[in-house]
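For ligands, and for the atoms within them, numbers begin at 1 and follow the listed sequence.
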Amino acid sequence: MANNSNPSTPASTGIATGKPTGESVGLDRRRLLVGGAAAAAASLAACGGESADTGGSAAVQTSQRVTWRLASSFPRSLDTIFGGAEDLAETVEELSDGRFRIIPYPSGEIVPGLQVLDAIQAGTVQVGHTASYYYTGKNSALAFDTAVPFGLNARQQNAWLYSEGGDLMRALFSDFGVIPFPAGNTGTQMGGWFRSQVNDLNDLKGLKMRIPGLGARVLSDLGVTVQTIAGGETYQALERGAVDAAEWVGPYDDERLGFHKIAKNYYYPGWWEPGPNLSALVGQKAWDELPAEYKSIFKVATYKANVNMLAKYDALNPKALTSIKAGGVALRPFSPEIMNACSEASRDLFASESAADPAYARLFESWDKYRRESNEWFGAAESSLAKFSFG
Ligand code: CA
C-alpha cells in the first residue's frame, strides 16, 4: 500500500525525526534557544503578551517538568499530517532540554479523531492536533480556521490566521476554553477519484460521492448523493462500488492508499479545501499553568510544524502525481460549468449561514474582505507568472 521505497518518504527526510536536513526546517537547539525562543519570548513580552524572563545566556531557566498528552485526529498512516504532531512534540522536547514533553496519540487511541476538541475541553488531554472544521456542529464559523469552499490557499490562510483572522479565531475558541495555533497545512487538495468522467451538471445528479464537510453540502445542493465515510473505510467503499467517487487529500496520501488502482479519473482542484490549516488546540487551563518559557517554545514549535508540513507536501506531491499519471490515470480538471455552479452554490451557502447568525456574518465579512483583496494580489503577481512558465 505505502510506497516505502520512495527515497522521499518522511522516514528519510528528517522531518519525522526532527533532524536538520536540507529539505526541512531543521533546528540547531542552542541557536534557537538563544535566538529563536528567547527572541519570541522577548517579542511576546514586548507586545504585552505573556511575561517572559529571557534571562542571560541560557534561555531555558525553569526546571519544571511538564508532560502533555496530545490527541491527534489522524491515524499514523497519514504520516504527513500525523507527523505534524510529532514534529511539534520533538521541537518542544528539544528546546526545553527534555523538560517539556508532548506525547502524540493517533486518532482512536485516547479519543476518536472527531472528538479531539471535546477531549481538550474535558481536560482528558492538554492539547490536540486537528482540523477545526470537524466541529462545525458546535459552531459553523469554526470552518474558517481550517478551510471553506473557494476560500484561501495555504499562504493566504496563514496570512489571515497570523493577522486579523487569528484574533477572530482566538475569540471564537475562547468560548470553548481553547487557544488555537496554526500547525500544518496540506496545500490545495485534489478533487478526488471518479470511476466515470463527470463533464457537466447532469453527470453530478445521483452520483454517490464520499466527501465531508461544506463541500458535501454544496455538492448535495447540486444533486450529488454525499456520503460521510470514515477515512479508513474510504478505499473499500470505492473499491466495492458503494460510492462512485471519493476525495481524500492529494497525490502523496492518495497514492499510499492505492486509489489509482480502482479509479482512473483523478479530478482537480479540491475547491472545498484550497489550503486546509491543521491547528494545535491547547486547553486554557493547561496553557495558564505552563511556564512562560515553555509557552514561547510551544509557539515556536507550532510555526515550525506549520512550515514543515506544507513543505513536505509540496515536495512529495509532485513526485506522486508523476507516478500516478505513469500508472494510466487521467488527470482531469472539473469543467467550468461544474466549477461555476459549485462556486455560486458556495456563495449561497455563506449567505444563508450569515443570515442565520450575526456573529457568523461579522466573521464572514472580515474573511471575505481579505479573500477578495488577497485574490487580486495573488492573481496579479503569482498566478499570472505561472501561466508563462517555460517548458
Ligand atoms: Ca480532503
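The shortest heavy-atom contact between G84 and A305 is O-CB, 3.7 Å.
Taking backbone and side-chain atoms together, V249 has no N/O/S atom less than 3.0 Å away from the Ca ion (ligand 1). Within the coordination shell of the Ca ion (ligand 1), defined by N, O or S atoms under 3.0 Å, Q189 is present.
Looking at E247 and the Ca ion (ligand 1) together, the shortest N, O or S contact belongs to OE1. Nearest to the Ca ion (ligand 1), among the N, O or S atoms that E273 has, is OE1.
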Salt bridge (charged side-chain N to carboxylate O under 4.0 Å, His left out) evaluation trace for R372 with E376: CA-CA 6 Å; R372 289 167 190 276; E376 185 177 358; over 6 Å; no
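Counting non-hydrogen atoms of neighbouring residues, nucleotides and ligands closer than 6.0 angstrom, the NZ atom of K205 exceeds 12 such neighbours.
Using a 30° and 60° split on the angle between ring planes, W248 and F259 fall in the tilted class, from 30° to 60°.
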